[in-house]
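Step one of this worksheet: look at the structure below.
Throughout, numbering of the chain's residues begins at 1 and tracks the sequence. As a basis for the values below, the full set of heavy atoms in this structure was taken, side chains included, without hydrogen atoms, waters or symmetry mates. We count ligands from 1, going down the list as the structure has it; atoms in each ligand are counted the same way.
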Amino acid sequence: MLSEKLHKGLNDQMNYEFYSAHAYMAIAAYCSSESLDGFANFFLVQAEEERFHAMKLYNFINAMGERAIIDGFEAPNNEFSSVLDGFKKALLQEKEVTKRIYKLSDIALDEREHATINFLKWFIDEQVEEEDMFDSIIQKLKRIENDSNAFFMLDNEFAKRAFTPEAE
Ligand code: FEO
């Protein structure tokens, strides 16, 4: 059993994670259109990560005896001026996710809903990793801005990224 407020908050977060997957699919499509298949793969894998996050919330809502409600959402941004711009927008997306997870954790803490507090800890740690990952790539891209060899090496490196959900 969850309070109506917490149920809604968890449900909104589930839908927002699906939206994040959409936002990353849009960046992947931009990279593909620029023939940067490694960068495209990076964002396709990231979209899978986001669907995995959404499904973690879906399963938790069910486990708490509630029903997950699937919403629609607005179209993500499809305008990018460069790969660096795509990564900068991805970092902003992650910062928004972090803000939402914190708000959700505040509700769970107010309600002393310990199962939810414990569940959300995983997301708090995950957000530290994701923001750090995007920030590091942005710094790297800025450093190699005028070095096309290094840029294509990074594209090759990202072609190898694979989705590996951790064991529950
Ligand atoms: Fe599910 Fe990248 O936050």
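The residue from E48, E49, E50 that alone fulfils the side chain to side chain donor-acceptor pair (under 3.5 Å) condition with Q46 is E50. Checking each of Q93, H53, E94 against S20 for a side chain to side chain donor-acceptor pair (under 3.5 Å) leaves exactly one that passes, namely Q93.
Taking distances strictly below 2.8 Å, the protein N/O/S atoms close to atom 2 (Fe) of ligand 1 are E50 OE2, E94 OE1, E94 OE2, E130 OE1.
For E111, the side-chain hydrogen bond (donor to acceptor under 3.5 Å, both in side chains) criterion is met by S3, not counting sequence neighbours.
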Counting only pairs under 3.5 Å, give me each side-chain donor-acceptor contact of residues 142-154, with atom names and distances, residues two or more places apart or in other chains.
from, atom 1, to, atom 2, distance (Å)
D147, OD1, N149, N, 3.3
D147, OD1, A150, N, 3.1

Anything under 3.5 Å between a donor and an acceptor, one on a side chain of residues 65-77, the other on a protein residue two or more places apart or in another chain? List them.
from, atom 1, to, atom 2, distance (Å)
E66, OE2, L2, N, 2.9
N77, OD1, E79, N, 3.2
N77, ND2, E79, O, 2.9

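Between R100 and E96, at least one side-chain nitrogen of the basic residue sits less than 4.0 Å from a carboxylate oxygen of the acidic one, meeting the salt-bridge criterion.
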